[in-house]
Amino acid sequence: MQKPSDPRLTEMTRLRRMHERGAHDPASIYAILDASAMCSVGYVIDGRPVVTPTFQWREGNHVYWHGSSASRMLRKSVGSDVCLTVSIMDGLVLGRSAMHHSANYRSVMVFGKAVKVEDPEEKVARLRAFVNGMYPGRWDMLRPITPQEIKATTILGMPIDEASAKVRDAGVSDDEADYELPIWAGVIPAVTTFGDAIADPRNLANVDMPDHVHDLIGAKL
């Protein structure tokens with residue numbers, strides 16, 4: 001439910017339709033950002049809209065994404081207005097008419113100006129949080145990052161101050177008269193899972209699979 005007092009409720013984040021599906025509270029927004037690393041970042045290059053898929057991670061009330069320092073997208077995004085989105089499909093909804101087919105989903109849109117992380121130590125801290133957020137404890141197992149790798153990586157971020165979530169988690173919603181029709185209707189759940197890990201054939205013989213890999217196998221988003 002949209003409330004005038006919601007600090008993230010602006011003209012950009014206000015839902016024009018299906019208000020009951022919207023939320024602007026931090027808990028709802030954070031939960032969706034934390035549930036899926038995959039995101040899309042929209043921005044403008046030379047007057048033309050561009051949307052780039054990438055990975056994001058959240059630290060407190062900030063969201064970050066990274067890429068190559070040679071990336072045109074990242075260079076053009078610094079100091080510019082961007083829109084970062086995360087979408088998760090949770091199911092297909094089949095109604096008794098084409099009009100009432102739908103989907104269950106969780107989504108977030110975050111608006112703001114992209115700020116570049118300049119300090120090398122802060123860049124390392126952000127990358128550590130990114131890696132450990134996906135694979136707890138992995139950063140300290142890895143070969144230390146080199147100065148050249150730090151230089152070759154750009155990290156952008158922005159506060160999650162102008163954002164909205166939209167969620168559908170319901171069954172079929174048909175016209176009342178259509179419930180008498182001999183047509184199957186229902187929901188087909190959609191779940192993303194991680195399968196069995198495929199070891200690199202060049203792994204050393206005495207290297208065991210770490211716990212964070214075991215934990216991901218069979219995990220659901």
Side-chain angles (χ1 to χ4, degrees), residues 2-3 5-15 22-88 106-136 138-140 142 144-167 221:
Q2 300 184 95
K3 301 177 182 178
S5 60
D6 287 334
R8 290 165 172 78
L9 181 56
T10 68
E11 286 304 307
M12 291 295 291
T13 61
R14 187 188 305 276
L15 272 66
H24 298 84
D25 62 287
S28 297
I29 293 166
Y30 294 170
I32 298 171
L33 290 174
D34 294 348
S36 177
M38 195 75 189
C39 73
S40 296
V41 182
Y43 51 98
V44 176
I45 289 183
D46 300 330
R48 301 183 67 179
V50 180
V51 177
T52 301
T54 186
F55 271 21
Q56 60 81 26
W57 69 100
R58 182 184 67 84
E59 295 184 60
N61 194 51
H62 279 71
V63 62
Y64 296 94
W65 61 102
H66 81 296
S68 168
S69 294
S71 167
R72 185 179 182 220
M73 177 270 284
L74 294 180
R75 294 200 312 270
K76 290 285 189 177
S77 296
V78 176
S80 299
D81 290 323
V82 300
C83 175
L84 183 147
T85 66
V86 168
S87 301
I88 306 168
R106 291 164 283 161
S107 65
V108 157
M109 300 180 71
V110 184
F111 299 91
K113 288 189 181 295
V115 177
K116 185 178 180 180
V117 177
E118 299 279 7
D119 180 70
E121 291 187 5
E122 185 182 355
K123 289 173 71 173
V124 172
R126 299 288 76 77
L127 292 171
R128 181 189 296 113
F130 173 46
V131 171
N132 283 340
M134 296 190 67
Y135 319 105
R138 187 165 182 81
W139 183 268
D140 290 337
L142 303 177
I145 192 169
T146 67
Q148 182 57 38
E149 289 172 333
I150 297 170
K151 184 178 179 180
T153 304
T154 291
I155 300 174
L156 300 182
M158 62 182 173
I160 310 170
D161 289 338
E162 189 174 12
S164 64
K166 192 173 183 182
V167 176
L221 296 183

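Scanning both residues, Val51 and Ser40, for their nearest heavy atoms gives CG1-CB, 3.6 Å. Of all heavy-atom pairs between Ala35 and Arg106, the closest is CB-NH1, 3.9 Å. Contact between Pro159 and Val110 at its shortest, heavy atoms only, is O-CG1, 4.2 Å. Considering every non-hydrogen atom in both Val86 and Cys39, the closest pair reads CG2-CB, 3.8 Å. In plain terms, the two heavy atoms of Pro144 and Glu149 that are nearest each other are O-OE1, 4.4 Å. Nearest heavy atom pair, residue Ile160 against residue Val63, reads CG1-N, 3.9 Å.
The OG atom of Ser69 lies 9.0 Å from the NZ atom of Lys151; values are rounded to the nearest 0.5 Å. Interatomic distance, NZ of Lys76 versus OG1 of Thr52, reported as 13.5 Å (0.5 Å rounding). Once rounded to the nearest 0.5 Å, the distance linking CD1 of Ile88 with OG of Ser36 reads 5.0 Å. Atom OG of Ser164 and atom CD1 of Ile32 lie 9.5 Å apart (nearest 0.5 Å). Distance check, rounded to the nearest 0.5 Å: NZ of Lys123 to CD1 of Ile145 gives 8.5 Å. Taking CE of Met158 as the reference point, atom CG of Asn61 lies at 11.0 Å (rounded to 0.5 Å).
Between the side chain of Arg126 and the backbone N or O of Arg128, no donor-acceptor pair lies under 3.5 Å. Using a distance-only test at 3.5 Å, with no hydrogens or angles considered, no donor-acceptor pair links the side chain of Lys116 to the main chain of Val78. Judged by distance alone, the side chain of Asp81 and the main-chain N or O of Tyr43 form no donor-acceptor pair under 3.5 Å.
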Applying side chain to side chain contact (heavy atoms under 4.5 Å, CB included) to Trp57 and His66, what does each step give before you reach the verdict? CA-CA 9 Å; Trp57 69 100; His66 81 296; 3.8 Å; yes
From CA spacing to verdict: side chain to side chain contact (heavy atoms under 4.5 Å, CB included), Met38, Phe55: CA-CA 5 Å; Met38 195 75 189; Phe55 271 21; 3.3 Å; yes
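For the pair Trp65 and Leu74, the minimum side-chain heavy-atom distance is below 4.5 Å. Counting heavy atoms from C-beta outward, Val41 and Leu156 have side chains that stay 4.5 Å or more apart.
For the pairing with Glu122, the side-chain contact (heavy atoms from CB on, under 4.5 Å) check across Val117, Ile155, Leu127 returns one residue only, Val117.
With no hydrogens or angles considered, no side-chain donor-acceptor pair links Ser107 and Ser87 at under 3.5 Å.
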